[in-house]
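Here the structure is laid out as structure tokens; the discussion comes afterwards.
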Amino acid sequence: MHWGDAKIQEKERENQVSRLAVLMALVLPLVLFWWTAVAAQPMQLTPAHVESAALVEEEVPRAAENPVESKRYNVVVMGDSLGDGTWAGLYHVLRQDKRFTVIKKSRVATGFSRADYYDWNEAVRDIAAETRIDIAVVVMGTNDRQPIVEKGKRHALFEPGWREIYERRVDAFTATLQATGARIYWLELPVMRSPRFGGDMAQFNEIFEERARINGVSFVRTDGLATDETGGYTAYGADRFGRTRLLRAEDGIHFTMPGYELLGERVAQAMLADVETGSAPVRLAEVPPQLRSKAAAPEVSAAERTVVQEPFIYDTSGRRPGRSDDWRWTGPVN
């Protein structure tokens, strides 16, 4: 072979190698991108902060364990700041059970003592007008440690006049809620760190339990949850999986998420027992006619709607800013 021909062939081989290298440089990234997209698994994210009325996780539908069971329930949580936490805990407990949609309608710094500030009886009508209530969970009382003023008369905490008005408001709230066809689960207030505050909450529990019995409402006890061997307050304890965790918040009133899950689990146990036995309400097709408008809803006495205009003095003994027993506090810690 002539020397010049060999030189030409060698040059052609070098050019082919160069073209192949360029082609690989272009194709290889595309191949790697395609392979990564095919092999990657979708990432599931849990929102760090929840404000929506209900959280519904998008999951691939699974075959129902019991094809006959087709009932679905709106579980509406009402109450104060403990209600907020109980809603979150109940949602965590029930999120895999597609029969339930857990909806938050609680509102911090509210209760039955200050109907002029927030009227829960009126709130039920508003909630029922926009949301079907199959099951109602109620957590109330931590903000009610204060006097009641009605018709210009001030009633001190737990005195006979105060108790009569308070019980009437609880009954009116319960009756309005029952008119929606909902099954009600009233959660017992848990043990508190402060003996004085806890003693008052125990009196509220006596009222709630008595009214629940009279009104045919399920009273869900919290005994044994986040308590020590004697039934007293403890900040640490076993979570619902048996692990030792911090269960209570720094204020000695509220809970951490593992603690709220314990409350939610206790409510869920009562609910599921009724659902399995068929005593829970059947899904409603629509909002009852009497609750479609405020005008058609059951009327509340004028005394219930009285807003006190003249100044008066609140009993602030034992009140600590930022706690649930401080009705004037509306900050996020409440």
Practice task
Determine yes or no for a side-chain-to-main-chain donor-acceptor pair under 3.5 angstrom, with Thr222 supplying the side chain and Leu225 the backbone.
Solution key: no

Handout entry: Matching residue for Asp80 among Thr110, Thr142, Thr86 - test: side-chain hydrogen bond (donor to acceptor under 3.5 Å, both in side chains)
Key = Thr142

Practice task
Tell me whether Met192 is reachable from Tyr236 by hopping between hydrophobic residues (I, L, V, M, F, W, Y) whose side-chain heavy atoms are closer than 4.5 Å.
Solution key: no

Problem - Interatomic distance, Arg107 atom CZ to Trp120 atom CH2 [nearest 0.5 angstrom] - result: 8.5 Å

Practice task
Indicate the atoms forming the closest heavy-atom contact of Pro147 with Ser113, along with that distance.
Solution key: O-CB, 4.4 Å

Exercise for the section: Please report the closest heavy-atom contact between Tyr118 and Ala123, naming both atoms and the distance. Expected result: OH-CB, 3.4 Å

Problem - Shortest non-hydrogen contact from Leu94 toward Ala268 - result: CD2-CB, 4.0 Å

Problem - Ion pair check, Arg266 and Glu188, cut-off under 4.0 Å - result: no

Problem - Working for salt bridge (Lys or Arg N to Asp or Glu O under 4.0 Å), residues Arg213 and Glu209 - result: CA-CA 6 Å; Arg213 176 180 54 81; Glu209 183 175 12; over 6 Å; no

Practice task
Without swapping roles, check the side chain of Thr131 against the backbone of Ala128 for a donor-acceptor pair under 3.5 Å.
Solution key: no

Practice task
Flag the pair Arg99 and Glu276 as a salt bridge only when some basic side-chain nitrogen lies within less than 4.0 angstrom of an acidic carboxylate oxygen.
Solution key: yes

Handout entry: Check: Glu210 side chain, Glu167 main-chain N or O, donor-acceptor pair, under 3.5 Å
Key = no

Handout entry: Thr256 (side chain) donor-acceptor with Leu246 (main chain) under 3.5 angstrom
Key = yes

Fill in the blank from the handout: In this structure, CG of Asp200 is separated from CG of Asn205 (nearest 0.5 Å) by 11.5 Å

Practice task
Quick one: pull up CD in Glu164 and NE2 in His155 and give me the separation to the nearest 0.5 Å.
Solution key: 8.0 Å

Problem - Side chains of Ser218 and Arg183, donor plus acceptor under 3.5 Å - result: yes

Handout entry: Donor-acceptor pair, side chain of Asp134 and main chain of Asn74, under 3.5 angstrom
Key = yes

Handout entry: Closest non-hydrogen atom pair, Phe241 against Glu261
Key = CE1-OE1, 4.5 Å

Problem - Arg169 bridged to Glu150 by N-O distance under 4.0 Å - result: yes

Problem - Asp251 side-chain N/O to Ile253 backbone N/O, donor-acceptor pair under 3.5 Å - result: yes

Problem - Ring centre gap for Phe158 and Phe204 strictly below 6.0 Å - result: yes

Handout entry: Nearest non-hydrogen partners of Arg248 and Ala226, listed with the distance
Key = CD-CB, 4.2 Å

Exercise for the section: Quick one: sort the Trp186 and Phe173 rings into parallel, tilted or perpendicular, breaks at 30° and 60°. Expected result: perpendicular

